[in-house]
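Only one structure is covered here, and it is reproduced in the block below.
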Amino acid sequence: MTGRHSGLTLLLIAIVGFLTICPVIMLIFGSLSEGLTASGKFTLAKYITAYTDPALLEVIWNTVIFVGGAATTATALALFLAYLNIRTDIPFKFIFGIISIIPMMIPHLLFSVSWVLLLNPSNGILNLILQQAFSLHHAPFNIYSLPGMVLVEGLLDLPIAYLIIAPAMASFDASLEESSRVCGASTAKTIFRITLPVLRPAILAAFILCVIRGLASFAVPSVIGMPGRIYVLATHLYQMVSTGFAADYGKAAAVGMSVLLASIILIYLYRYLTSASDRFVTIAGRGYKPTIIKLQRSKIPLFLILGFLSFILIILPVVVLFYTSLVPYSMVPSMRALSMMGLKHWIEVLNDPISLLSLKNSLFLGVVGATLGIVLSIFVAYVIVKVRSRSAGILESLSFLSFSFPGIVIGVGFMWFFVRTPLYATVWALLIGYIATYLPYGIRPLSSAFVQIHDHLEESSLVAGASYLTTLRRIVIPLLVPGIVSGWVLMATMFVRELSLSVVLSRPGTEVLAVQILRFSEDGLWGKLSALGIMMIGVSTLLVLLVTLIGRWFRPVDR
Amino acid sequence: AEDKVSFYANITAIEPIMDAFSKSTGIKGEYTRISTAKFLSTVFTEFEANKLMADVIQAPLPVLEMLKEKGVIAPYVSPEAAKYPEWTNKNGIQLFGIEYVGIIYNRELVKPEDVPKRYQDLADPKWKDKIVMANPASHATTICWLIGLRENVFASDQEWREFLKGLAANRPMFVASFGPTPAPIESGEKQIGISMPKYIVTKAPAPLDWARVENQPLMGTPRAMGISSKAPHPQAAKKFMDYWLSKDAMTLLANDVGEYVLAPGVFPPIAGMDKAQVIPIRELADDEIARWGEEFKKIFAIR
Amino acid sequence: MEIRITGLRKHYASDGRIIKALDDVDLTIPSNQIFTLLGPSGCGKTTLLRSIVGLESPDAGEIRIGDDIVYSSAQNISLPTEKRGLGMVFQTYAIWPHMNVYDNVAYPLQNRKVPKEEIRRRVAETLAFVQLEGYENRPATKLSGGQQQRVALARALVAKPRVILFDEPLSNLDAKLREETRKELKTFLYDLQITAVYVTHDRVEALALSDTIAVMRTGRIIEIGSPKKIYFDAESEFVADFIGRANLVKAVVRQQLPGTTIVDSGIGRLSCRKGDFPPDTKVTLCLRPEFISLARGDHPGTNVVQGTIVSMVFVGDAFEGEIRVGDQHLLARIEPETDLAVGDEVGFQVSPDHCLLVAG
Amino acid sequence: MEIRITGLRKHYASDGRIIKALDDVDLTIPSNQIFTLLGPSGCGKTTLLRSIVGLESPDAGEIRIGDDIVYSSAQNISLPTEKRGLGMVFQTYAIWPHMNVYDNVAYPLQNRKVPKEEIRRRVAETLAFVQLEGYENRPATKLSGGQQQRVALARALVAKPRVILFDEPLSNLDAKLREETRKELKTFLYDLQITAVYVTHDRVEALALSDTIAVMRTGRIIEIGSPKKIYFDAESEFVADFIGRANLVKAVVRQQLPGTTIVDSGIGRLSCRKGDFPPDTKVTLCLRPEFISLARGDHPGTNVVQGTIVSMVFVGDAFEGEIRVGDQHLLARIEPETDLAVGDEVGFQVSPDHCLLVAG
Ligand SMILES: Nc1ncnc2c1ncn2[C@@H]1O[C@H](COP(=O)(O)OP(=O)(O)OP(=O)(O)O)[C@@H](O)[C@H]1O
Ligand SMILES: Nc1ncnc2c1ncn2[C@@H]1O[C@H](COP(=O)(O)OP(=O)(O)OP(=O)(O)O)[C@@H](O)[C@H]1O
Ligand SMILES: [Fe+3]
Ligand SMILES: [Mg+2]
Ligand SMILES: [Mg+2]
């Protein structure tokens with residue numbers, strides 16, 4: 001199995017390497033050169049100033065708690081949701097499935113602002129309600145705190161974790177759990193000793209992806225962290241580049257290098273922890289029976305818990321958003337606010353040619369980008385999971401390279417790179433940049449789906465005279481459909497609301513939604529912002545519904 | 001063939017002017033908006049790679065000066081500039097407005113008698129936990145503005161520092177830039193803030209008003225513009241700049257966007273603004289800003 | 001522990017058709033016996049077993065284990081699997097891939113809060129029983145198929161449950177090991193004085209291991225009895241055929257004599273074991289190959305059948321011979337040191353006792 | 001198509017120990033024969049099969065199929081699986097869960113670009129062969145274990161490959177179906193005139209199906225021969241024991257006479273089949289249970305053994321009897337209509353031809 005794959009592996013390394021190394025190399029140049037571009041004289045000064053900053057230590061500590069907490073929250077919630085949704089007969093599954101990926105579609109900035117409106121200590125809506133209900137003197141919650149940041153970022157990362165864990169859950173061989181129950185373990189114990197450990201690759205993948213995303217996240221640290229005076233790496237970098245008019249991204253890149261290093265270490269750790277891939281094979285092709293667990297008595301309580309959580313954590317912020325788009329300016333809900341509601345912001349946005357253009361561009365980028373991205377991801381995930389040679393390891397690390405950089409610097413890296421190509425200022429630059437940066441969104445769910453396909457299923461296809469490509473097309477890909485759907489959804493919704501790269505690379509004619517949203521936010525136009533944000537959610541939901549339906553049509557395992 | 005002009009700017013909400021320009025000249029105006037934080041690196045990068053598409057560039061004065069230093073800006077004095085005060089023309093760079101900063105408050109929550117009459121009033125303990133402002137450790141315009149207070153308002157450094165201490169003791173909420181400052185004031189999360197009076201126009205009918213400080217000036221960084229030395233459409237660029245500086249365009253800017261413009265006799269539709277004294281802040285070099293940023297970090301106990 | 005099943009029903013819908021995996025099964029599994037469910041593939045054995053253990057929820061019926069009702073559709077009772085205190089060996093092994101052999105086997109004891117030392121001892125004992133000493137630290141996925149099966153066996157036995165259920169536990173062991181394990185399993189189960197429900201489609205396994213055999217077909221229990229009863233005295237053609245090699249020949253009852261029934265069959269007129277059929281009934285004559293002792297040439301006497309050998313397959317302890325009698329083919333066991341060869345004209349005399357008549 | 005394997009080696013490292021799954025295997029599999037690899041669980045059968053089909057890359061050695069070198073470590077050749085044109089039935093079935101039965105079986109033909117009509121015809125034919133008519137549209141996951149196995153079989157047969165490899169293909173079929181399928185498989189393979197490599201640990205299957213049997217043990221081929229040769233004339237105790245039930249008794253050669261060897265054994269002095277051992281050699285006497293014909297009471301004559309029946313297990317066509325002779329236990333086949341019972345004093349006379357001596 002070794003020789004035949006080295007060609008494919010090398011080709012993929014070349015493609016992925018080209019996509020991800022180029023901007024990173026530009027950033028390395030930038031961090032080592034004088035001046036504001038990547039082509040100045042060599043200097044180490046940027047590293048020295050960046051790393052001798054006495055504030056760095058506290059920033060790193062905050063970052064660790066923020067990122068670790070958010071990733072844990074996201075993964076735990078995703079596990080809970082995915083387990084109930086996929087393995088049990090909880091009612092209204094389809095709705096919960098959609099709900100758990102809604103935060104993926106909301107611009108992070110808006111989601112954070114919604115939470116501020118809900119939980120700020122002065123007049124947060126939820127705080128006011130609780131204060132009244134329990135006649136408290138002080139607001140019970142303060143969103144401007146580390147736990148607040150962890151909560152909101154955790155919710156924002158929930159879809160990533162969910163979309164990685166759900167397919168793994170779906171292809172879990174139930175007899176592994178059944179035998180545990182026969183062995184006298186309760187459902188809970190079975191979950192902790194059998195289900196979760198067997199799902200370890202997916203769980204780790206989800207966690208690590210969330211960690212890396214958390215490191216790059218800017219919306220939550222700036223909207224919630226800054227007012228709470230809690231600085232994490234992203235806001236530290238922002239502060240570093242924005243103090244003064246000549247923003248020095250080279251210096252930010254210098255700090256980014258250590259984030260990159262940390263990410264690469266995490267990826268290797270992940271590979272090490274899941275190295276015995278056959279320990280996690282769950283579809284063997286023998287007596288494989290996906291079984292739905294009947295919840296019986298705990299059905300209603302669990303349904304209520306799930307419903308309550310979804311409502312508080314996800315639906316409420318969206319409702320707040322909707323509300324914001326209807327009132328003329330930010331105001332606490334009241335009879336007066338109700339009387340002032342109108343569609344003014346919606347009409348303005350719908351009459352704004354740039355907003356409409358950006359809607360169109362984002363839709364294009366979402367659909368085409370995610371499709372191309374997923375094709376590349378299938379090959380990469382295949383090599384990463386099934387070949388597992390040293391070069392496969394290199395490939396995996398490469399795929400994370402540009403993803404691992406904090407958002408506010410990687411865009412500049414791509415600008416420094418694309419400006420040297422004829423693609424600069426075209427929609428293709430955005431497309432390639434998106435795919436290169438968010439490749440892990442495609443690779444992760446696919447590789448955790450790959451892990452679970454028993455080798456025999458592929459091998460018997462080879463024996464049946466099918467070439468590797470035919471095997472991929474007829475056996476592997478159909479079995480991967482849940483992973484493909486997840487990856488596509490992750491990529492498409494990401495691309496629809498992508499900001500970090502777009503804000504640098506988009507030009508007149510190639511405006512995209514997130515950039516338009518950023519403009520509204522810079523002007524403080526929350527109403528229009530919310531209206532456009534909801535349209536964005538609408539576009540994403542449409543894409544998600546569409547691909548989920550297509551996925552169902554091609555569902556691999558009839559149940 | 002110059003049917004197009006490309007305008008790089010950090011000023012916002014200027015689509016009406018672009019449209020009006022196209023209508024009156026038949027040249028299509030393309031507006032590329034770049035945030036201040038990315039302005040210099042974007043323009044420099046494109047310039048070095050010979051990919052700079054801008055014909056006309058607009059940015060805060062310090063940015064434009066740095067661009068000029070690198071040869072990105074070709075001096076141009078528009079005939080329209082003659083109507084402007086002399087100090088607005090800086091060797092081919094034209095100033096046309098001031099990004100003015102002031103004290104903004106929620107007129108439904110702040111009783112008229114409580115509205116500050118002097119900047120010093122912000123240090124009054126009654127505002128504790130009620131103030132919002134951009135982060136004085138990193139937000140360049142806010143830093144400049146605080147320095148502006150020191151140089152133009154306060155009698156002594158001592159007094160100024162007292163004021164800062166009082167302000168810090170009120171534990172203002174810091175946000176990343178001016179953009180997020182009005183929302184908490186509108187919604188009542190905070191009552192007062194250091195922000196831009198133009199929001200009173202753009203965010204109408206929000207209950208915002210500005211504190212008419214008595215005998216104290218409003219201050220801000222000048223907005224400047226110039227023509228790119230490698231402009232792909234040099235003629236159109238000039239036409240654009242001429243149009244931009246015309247009274248028509250400036251009136252649009254003032255009325256629609258609430259900008260404080262330097263065209264004589266044009267004022268934003270904000271009550272009392274025609275009487276206000278609005279002055280530009282001295283230009284600060286980047287390292288000076290950074291140094292003050294560090295200083296404010298300590299004063300405001302940001303870490 | 002006795003298991004009493006009444007009116008158990010489980011239907012699956014597939015492609016619009018309804019598959020009756022369990023079709024109103026009534027069954028009493030006696031205490032401390034080895035009880036075997038035997039039947040062709042797809043007849044519902046696994047479904048029945050899973051219903052007993054609580055992994056499948058039937059559509060209707062009742063299941064009692066000892067005095068406890070563990071499932072009852074009428075009373076709306078359904079005890080969860082882990083509370084039923086049973087042991088089970090799965091058809092798919094269901095070895096946990098993330099644990100090594102020791103952890104797999106120790107798991108049921110850990111759930112029962114057995115002290116560490118005791119666990120160590122009993123796991124070692126059980127691993128020795130399934131001939132897997134020294135494999136404690138092997139990851140479960142690095143075992144051959146048979147080794148995995150033995151781990152599953154060890155895991156089910158280790159906690160000495162009150163009832164143990166087996167779903168074809170020996171099917172992946174090699175013949176020698178299968179035989180040995182079967183024997184040891186039998187001893188072990190007798191020693192434990194435990195109720196064992198055993199699913200298999202291997203008749204030798206069923207006959208050798210069981211106290212009682214229940215033969216299933218398309219979701220129904222069609223016959224229950226001791227191995228000998230099932231083998232020699234089957235009531236239906238299906239059971240007679242399924243439980244052992246059998247020559248089934250269509251026949252018509254001619255005459256009822258005291259102690260014997262005379263039939264006309266495809267292989268001639270034969271005097272058979274007394275069967276309760278009126279004359280002219282169409283029946284099936286069941287003749288087991290091991291009662292056909294071939295000899296060359298013509299045979300004198302009654303109940304004689306003559307034919308030609310058409311094939312002989314060596315299977316070790318004998319040849320499986322096929323003889324043509326008229327247009328019938330009969331299977332016969334031929335001693336290994338025979339001098340018969342394909343093409344020989346042969347005959348045999350069969351005792352009426354070995355000619356079983358079943359409803360055709 | 002002849003398969004020639006030379007010096008094939010495959011080692012696995014596990015827990016720091018090295019497992020020699022294939023230990024310099026030399027083997028020639030003759031053309032158009034059914035060739036069986038027989039051996040206990042974990043001896044490397046699957047590994048050998050997978051190396052032939054190209055799914056495992058050995059560490060060293062050479063594999064030729066016909067005139068093509070498909071693998072050679074020396075020449076650095078390794079033909080990919082799909083180019084080897086073989087058919088295979090996997091131990092885990094490897095039925096594709098996303099396809100229905102028809103698509104699973106049609107797949108190999110589709111890859112060979114057979115016309116649609118032809119595919120339909122051949123799939124129908126093959127499904128009929130494995131008794132799965134009418135299951136065409138059933139999703140593969142909605143089949144019982146045995147049904148899945150049959151789909152796998154159909155899939156491997158459908159394209160009539162030049163060599164077909166089987167990894168325990170019948171182990172999950174019930175006995176009746178297994179026997180029938182085995183027979184039909186044999187006919188089918190002969191009709192096809194195809195080389196078949198068959199892995200099993202079921203000795204009856206191996207004996208009945210094979211032209212040649214190779215017995216494996218811990219990564220090595222230890223004996224090759226026809227079924228009869230392996231059964232009656234095994235060279236080693238291991239093979240003699242593994243290929244069929246055998247009573248193995250320690251013995252010492254006393255005397256070499258013309259045509260016979262006299263030994264002293266745990267069950268007395270016996271005259272045995274001529275074996276090439278000098279006097280005083282320690283050997284093992286192998287006595288198959290089917291050659292032990294027990295009768296009650298004392299026996300006259302030579303080569304007589306006397307003992308007591310200690311157990312009798314009914315297995316359908318016979319009892320498996322266990323007799324104690326001194327402190328030896330012997331297994332004997334007892335006819336089903338016997339009147340012997342546990343506790344009876346019995347004896348038997350055994351022909352010297354049935355007393356095989358193997359190196360002990
Ligand atoms: N989830 C299901 N959906 C539809 N039909 C099913 C399902 N599970 C089993 N069946 C069908 O129910 C019948 C009984 O299945 P079961 O697994 O109990 O058979 P079995 O007797 O154990 O067979 P085997 O010996 O092959 O394991 C079979 O026809 C099978 O195809
Ligand atoms: N990937 C692996 N890593 C380590 N050891 C392995 C691996 N695969 C197989 N083995 C070991 O190699 C030996 C031979 O395995 P193989 O699967 O060929 O046995 P087998 O003869 O087919 O057994 P069975 O009849 O149980 O299927 C066994 O001891 C097995 O544990
Ligand atoms: Fe974000
Ligand atoms: Mg079954
Ligand atoms: Mg094997």
Side-chain angles (χ1 to χ4, degrees), chain A residues 1-8 170-171 173-175 276 278 281-291 386 389 449 452-482 484 551-559, chain D residues 14 49-50 52-57 76-100 103-114 138-149 151-152 155-156 158-159 161 163-165 167 172:
Chain A
M1 304 286 297
T2 42
R4 71 171 78 224
H5 290 303
S6 51
L8 177 64
S171 50
D173 183 355
S175 73
D278 56 350
V281 172
T282 49
I283 304 182
R286 155 181 230 155
Y288 163 64
K289 255 189 212 158
T291 312
K386 296 288 181 188
S389 60
Q452 297 181 314
I453 300 178
H454 195 289
D455 288 347
H456 279 180
L457 294 177
E458 259 172 81
E459 290 172 355
S460 57
S461 166
L462 296 179
V463 176
S467 65
Y468 258 96
L469 279 179
T470 311
T471 304
L472 204 63
R473 183 170 60 81
R474 292 209 47 198
I475 307 295
V476 178
I477 291 181
L479 287 174
L480 281 179
V481 164
I484 291 178
R552 278 180 177 227
W553 184 258
F554 289 108
R555 76 188 139 184
V557 178
D558 213 275
R559 55 185 71 186
Chain D
S14 176
L49 211 67
R50 287 170 58 83
I52 294 174
V53 84
L55 293 171
E56 202 77 66
S57 59
N76 204 7
I77 293 176
S78 180
L79 204 65
T81 303
E82 67 271 20
K83 300 243 171 77
R84 297 195 186 185
L86 312 176
M88 177 161 177
V89 176
F90 283 77
Q91 200 171 9
T92 55
Y93 314 156
I95 293 301
W96 298 306
H98 59 297
M99 295 183 178
N100 63 16
D103 290 336
N104 261 285
V105 177
Y107 188 85
L109 296 177
Q110 289 162 352
N111 286 323
R112 287 168 175 81
K113 311 255 177 304
V114 176
R138 187 77 79 91
T141 43
K142 294 221 167 147
L143 296 170
S144 73
Q147 290 164 341
Q148 289 195 23
Q149 179 70 286
V151 173
R155 188 176 61 188
V158 75
V163 174
I164 182 161
L165 303 109
D167 196 350
N172 267 54

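Note that the coordinates shown come from a computational prediction; the quantities given were computed from them, not determined experimentally. In what follows, chains carry the letters A, B, and so on, assigned in the order in which the sequence lines appear, proteins first and then strands, with residues in each chain numbered from 1.
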Answer key: most heavy-atom pairs under 4.5 Å with chain A among Met88(D), Arg112(D), Arg84(D) is Arg112(D)

Any side-chain heavy atom of Trp96(D) within less than 4.5 Å of one from Ser460(A)? yes

Between the NZ atom in Lys83(D) and the CG atom in Leu462(A), the distance rounded to the nearest 0.5 Å is 11.0 Å

- Query: Hey, does Val463(A) have a side-chain heavy atom less than 4.5 Å from the side chain of Leu55(D)?
  - Reply: yes

**OP:** Find out whether Pro97(D) and Leu457(A) are in side-chain contact, i.e. whether some heavy atom of one side chain is under 4.5 Å from a heavy atom of the other.
**Re:** yes

Residues passing the salt bridge (charged side-chain N to carboxylate O under 4.0 Å, His left out) test with Arg50(D), sequence neighbours excluded, are Glu459(A), Glu56(D)

| said: Closer than 3.5 angstrom, by distance alone: can the side chain of His98(D) be matched with the main-chain N or O of Leu480(A) as a donor-acceptor pair? | reply: no

So CG of Asn104(D) and CD1 of Ile475(A): to nearest 0.5 Å the spacing works out to 7.5 Å

Tightest non-hydrogen contact, residues Glu82(D) and Ala466(A), listed as CB-O, 3.0 Å

Rounded to the nearest 0.5 angstrom, the CG-OG1 distance for Asn111(D) and Thr471(A) is 7.0 Å

